[in-house]
Amino acid sequence: MINVTLPDGSQRQYEDGASPADVAESISISLAKAALAAKVNGELYDLNRPLDGDAEVAIVTARDKEGLELIRHDAAHVLAQAVQEMYPDTQVTIGPVIDDGFYYDFAREKPFSTEDFERIEKKMEEIIDKDYPIVREVWSKEDAIETFKKIGEDYKAQIIDDIIPPGEPITVYKQGDWFDLCRGPHLPSTGKLPKAFKLMKLAGAYWRGDHRNEMLQRMYGTAWANEKDLKAHLLRIEEAEKRDHRRIGAQLDLFHLDGTAAAGSVFWHANGYTVWRQIEAYMRRRLDAEGYDEIKTPQLMDSVQWEKSGHWGKYRENMFIVPDFIPEGEEGVEISVPEDAKLMALKPMNCPAHVEVFKQGQKSYRDLPIRLAEFGCCHRNEPHGAIHGIMRVRQFTQDDAHIFCREDQIVEESIKFCRLLESVYRDFGFEEIAVKLSTRPDVRAGSDETWDRAEKGLKDAVDAAGLPCEILPGEGAFYGPKLEFQLTDAIGRVWQCGTLQLDYVLPERLGAEYTASDGTKQRPVMLHRAILGSMERFIGILIEEFSGAFPLWLAPAQVIVATITSDADEYAEEAARTLRAAGLRVEVDTRNEKINYKVREHSLRKVPVIAVVGQREADDRKVALRRFGSQGQEILGLDEAASKIAAEATPPDLRRAGDE
RNA sequence: GCCGGUAUAGCUCAGCUGGUAGAGCACCUGAUUUGUAAUCAGGGGGUCGGGGGUUCAAGUCCCUCUGCCGGCACCA
């Protein structure tokens with residue numbers, strides 16, 4: 001007999017060899033029906049896998065996180081089986097669970113088409129209807145490799161060969177005639193898989209994620225516990241697409257992109273640039289208050305400078321090179337660059353230039369830390385497939401700064417930075433920030449003691465700012481560890497925004513030094529840091545975060561004064577003057593249109609406040625305010641309205657200053 | 001850069017098996033002076049992404065280049 005402890009603490013006895021399925025059945029018929037797998041002493045078990053002895057058992061159903069993952073994992077297997085039955089010339093590779101679903105990578109000469117999806121889904125449903133038992137088998141590594149090789153599954157054989165240590169057994173799951181290498185666990189049979197899945201997209205993916213390998217065909221799918229959840233998910237995607245910054249950027253006339261005229265560079269329109277200017281002004285105030293010195297450095301620098309910094313050797317293929325010469329010859333004639341032309345490069349980053357500024361004159365230990373900030377416009381020749389809206393561009397402006405400090409100042413400066421970043425993100429409405437700490441890579445500069453101090457310094461800084469942090473071992477730059485601060489866009493794509501990187505190397509390479517208290521020359525440590533990351537990316541994320549309905553302080557047009565009849569035109573202009581005098585961005589709409597039409601149009605533009613004026617308001621010197629997102633109206637005296645809206649439109653940092 | 005898809009009016013899109021382009025919105029003109037999410041009528045606008053080919057004839061078929069979209073790789 002074996003003793004089983006259930007999650008509620010109660011105990012039951014079972015025959016030797018009993019499985020979680022027996023446990024579920026003994027509890028209730030409905031639980032037996034809903035059971036997908038079990039947690040046995042914390043480890044996930046197949047429902048029919050016999051218990052090894054006394055155990056704590058929790059039955060997993062579709063309502064558990066693990067249950068949903070099982071469903072998705074099985075959906076991937078059923079997909080693979082369906083595809084191989086329909087296209088026998090296909091090899092399977094891997095098919096993991098991801099957020100909201102799964103994917104499976106197939107190797108096949110001929111490309112699949114999304115038009116095949118419907119037929120594949122039908123085939124998957126057939127496999128579910130056949131209700132094949134899913135059977136776990138334990139094979140030896142050698143047998144497995146031989147078997148998979150024999151049936152032409154070279155990728156599988158390779159996976160087993162590479163991943164499984166010699167002599168260790170592997171598990172194989174069979175469903176009908178089809179089987180796959182898999183750690184498991186799985187559902188007891190294919191019939192348990194809810195018909196609440198959908199194939200979503202087709203994409204290329206390199207075998208093992210390495211671009212030197214062949215490209216496989218990846219099928220993405222989504223799978224849920226029931227049809228209702230699936231529908232809800234599809235609806236969420238649809239809603240998220242409406243928030244796409246590229247779409248809203250066009251709708252609200254914020255910016256445009258022209259891949260032919262300037263691939264990967266943004267044409268900012270007045271509306272979008274107004275948002276930019278508010279953000280820039282805000283950041284400038286925050287930096288001023290934190291003791292930064294704002295500077296401006298050259299766009300083009302001699303290649304010699306980039307050689308010194310090390311960028312020329314390592315990152316040249318991502319830099320825009322500009323030969324410094326005067327073209328000769330007739331108009332329309334091909335320009336040839338003289339061989340002896342000096343080469344310049346558009347800056348891909350600001351650091352070397354900031355070191356140059358630091359190096360001017362003598363620096364004492366008393367001067368440190370020196371914090372040099374720049375809204376630096378950088379160019380990077382990104383791979384074409386990487387460009388994405390305004391999130392990943394080839395010309396972008398960083399809210400960059402470099403802190404030159406002594407080693408004993410690192411922790412304090414890092415803490416100050418994390419606190420500032422946290423406060424800034426909060427001001428923009430971001431509560432959840434993902435923080436990653438990338439630690440020392442195998443190949444690195446500097447001693448272990450230095451790395452110990454640096455990594456601890458960054459970790460202490462994040463902790464002090466009260467931010468949760470994930471460690472990415474070995475992901476740091478060769479010159480130092482780094483913190484990355486990530487935000488998520490509407491579709492769930494994660495973007496790096498803020499960063500803090502410790503650097504002992506560049507000051508050395510470029511010869512930055514200060515005079516220490518004992519009169520010796522010392523190297524400063526350099527902290528590369530950005531809060532927003534790039535203006536472009538950050539604004540892109542803001543657009544998606546707010547669906548284009550910016551908070552009042554950021555909105556391109558804050559108030560629209562809209563007339564009902566032309567009798568109120570003159571008063572509308574006066575109202576606008578009053579509102580503008582209060583510091584607001586105001587537009588007037590005196591067009592010969594119905595008020596319904598105007599309200600609709602400005603609501604679609606997501607203008608925060610519509611001030612309606614008709615004869616009544618003109619007579620009483622009032623305005624009827626309608627807020628974006630609400631139906632009601634508030635009638636206020638003109639002066640009162642101006643001061644009230646202006647107070648609401650105060651940027652968060654100035655509001656705090658005003659409160660104190 | 002790689003795999004797949006895609007490109008028609010300012011925008012969103014229609015245009016079957018080849019027979020020299022169409023809708024809605026937007027825009028312009030006129031009428032309408034209107035009280036909180038679309039007033040009515042008329043009008044203008046496209047060398048169908050570029051180049052090449054097949055054909056009596058190409059938006060439609062083929063090749064190629066470019067951009068864009070979805071992934072992958074990359075992201076100092």
Side-chain angles (χ1 to χ4, degrees), chain A residues 103 105 108 110-115 200-220 241 244 246-247 250-251 253 256-264 306 309-311 313-319 347-352 378 380-389 391-394 396 477-479 482 484 491 493 495-496 499 501 503 505-506 528 533-534 537 562-569 590-605 610-617 624-633 635:
Chain A
Y103 68 75
D105 285 350
R108 180 175 181 244
K110 255 188 91 190
F112 294 111
S113 158
T114 47
E115 284 164 28
M200 302 297 285
K201 52 196 175 191
L202 208 49
Y206 296 107
W207 165 234
R208 307 197 133 173
D210 189 328
H211 69 277
R212 288 165 301 193
N213 290 341
E214 56 273 52
M215 184 149 278
L216 308 170
Q217 298 188 62
R218 177 171 296 179
M219 275 187 208
Y220 284 93
E241 278 167 2
D244 190 308
R246 292 164 296 189
R247 185 172 166 151
Q251 280 168 353
D253 195 20
H256 85 267
L257 296 158
D258 183 339
T260 314
W306 298 111
S309 70
H311 293 102
K314 236 184 142 182
Y315 306 112
R316 194 176 36 197
E317 68 273 21
N318 289 315
M319 290 167 67
K347 63 175 169 184
M349 48 183 28
N350 309 297
C351 344
C378 296
R380 296 180 188 177
N381 198 348
E382 302 283 6
H384 283 69
I387 292 171
H388 177 90
M391 304 283 216
R392 181 90 178 262
V393 285
R394 304 207 297 178
F396 57 97
F478 76 96
Y479 51 74
K482 61 180 174 183
E484 293 181 358
I491 331 170
R493 280 185 275 227
W495 296 95
Q496 187 195 315
T499 184
Q501 303 184 21
D503 186 357
V505 173
L506 201 59
H528 306 251
S534 97
R537 176 175 294 182
T563 52
I564 290 173
T565 67
S566 53
D567 297 336
D569 284 3
T590 55
R591 288 175 305 169
N592 178 9
E593 297 288 352
K594 288 178 134 172
I595 191 63
N596 293 27
Y597 182 88
K598 295 183 185 180
V599 166
R600 174 181 156 81
E601 194 164 280
H602 300 302
S603 297
L604 289 173
R605 282 178 62 201
I610 302 175
V612 176
V613 294
Q615 193 59 56
R616 291 207 297 265
E617 286 74 16
L625 302 181
R626 181 190 166 113
R627 308 288 181 143
F628 177 76
S630 77
Q631 311 278 326
Q633 43 184 320
I635 316 269

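Sequence lines set the chain letters: A, B, ... in the order given, protein chains first and strands last, and positions in each chain run from 1. Worth knowing before you read on, the calculation uses all heavy atoms, side chains too, and leaves out hydrogens, waters and symmetry mates.
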If you measure from the [atom1] atom in [N] to the same atom in [M], how many Å do you get, rounded?
N	M	atom1	answer
B/G43	B/G1	P	48 Å
B/A9	B/G5	C1'	24 Å
B/U17	B/G59	C1'	16 Å
B/U55	B/C61	C1'	10 Å
B/C48	B/G19	P	16 Å
B/G46	B/A14	C1'	15 Å
B/G10	B/A26	P	16 Å
B/A58	B/G49	C1'	16 Å

When you measure from the side chain of [X] to the backbone of [Y], do you find a donor-acceptor pair of N or O atoms at a distance under 3.5 Å?
X	Y	value
A/R537	A/M391	yes
A/R108	A/Q217	no
A/K598	A/R591	yes
A/R380	A/N318	no

Is there a Watson-Crick or G-U wobble partner for [N] with both distances under 3.5 Å, and which nucleotide is it?
N	result
B/U39	B/A31
B/C2	B/G71
B/A14	none
B/G59	none
B/A21	none

Which nucleotide in [options] has an atom nearest any side-chain atom of [X]:
X	options	answer
A/H311	B/A37, B/A76, B/C27	B/A76
A/M349	B/C72, B/A76, B/G1	B/A76
A/A205	B/A73, B/C72, B/G70	B/C72
A/N596	B/G71, B/A37, B/G70	B/A37
A/M215	B/G35, B/C3, B/C74	B/C3
A/P111	B/G70, B/G4, B/A26	B/G4
A/R616	B/G35, B/C75, B/G67	B/G35
A/K482	B/G35, B/A76, B/C27	B/A76
A/K594	B/U36, B/U39, B/A76	B/U39
A/A203	B/G71, B/A76, B/U39	B/G71

OP1 or OP2 of [N] under 4.0 Å from side-chain N/O of [X]:
X	N	value
A/H388	B/G70	yes
A/Q631	B/A37	yes
A/R246	B/C69	yes
A/Y597	B/A26	yes
A/R627	B/A37	no
A/R493	B/G70	yes
A/R626	B/A37	yes
A/H384	B/G67	yes

Under the criterion side-chain contact (heavy atoms from CB on, under 4.5 Å), I'd like the reasoning laid out for A/Q501 against A/Y479: C-alpha separation, chi angles, the key distance, then a yes or no.
CA-CA 9 Å; A/Q501 303 184 21; A/Y479 51 74; 2.6 Å; yes
Are the side chains of A/E617 and A/V612 in contact, using a 4.5 Å heavy-atom criterion?
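No, too far: nothing below the 4.5 Å cut-off.
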Would you say the side chain of A/H602 lies within less than 4.5 Å of the side chain of A/F628, judging by non-hydrogen atoms?
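Side-chain contact under 4.5 Å: no.
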Pick base, sugar-phosphate or nothing for [X], based on heavy-atom distances below 4.0 Å to the nucleic acid.
X	answer
A/Y220	sugar-phosphate
A/Y479	sugar-phosphate
A/A386	base
A/Q496	nothing
A/G204	base
A/L604	base
A/I595	sugar-phosphate
A/G310	nothing

RNA chain B: 5'-proximal contact among A/E484 and A/R600 (nearest heavy atom):
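Its nearest nucleotide lies further toward 5', so the answer is A/R600.
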Mapping A/K201 and A/I635 to their closest nucleotides on RNA chain B, which lands nearer the 5' end?
A/I635
Under 3.5 Å, is there an N or O donor on one side and an acceptor on the other linking the side chain of [X] and the base of [N]?
X	N	value
A/R392	B/C75	yes
A/E617	B/G35	yes
A/Y206	B/G1	yes
A/S566	B/U33	yes
A/R316	B/A76	no
A/R212	B/A73	no

Heavy atoms of other groups near A/E115 CD, more than 12 under 6.0 Å
no
Are A/R208 and A/D210 ion-paired here, with the side-chain N under 4.0 Å from a carboxylate O?
no
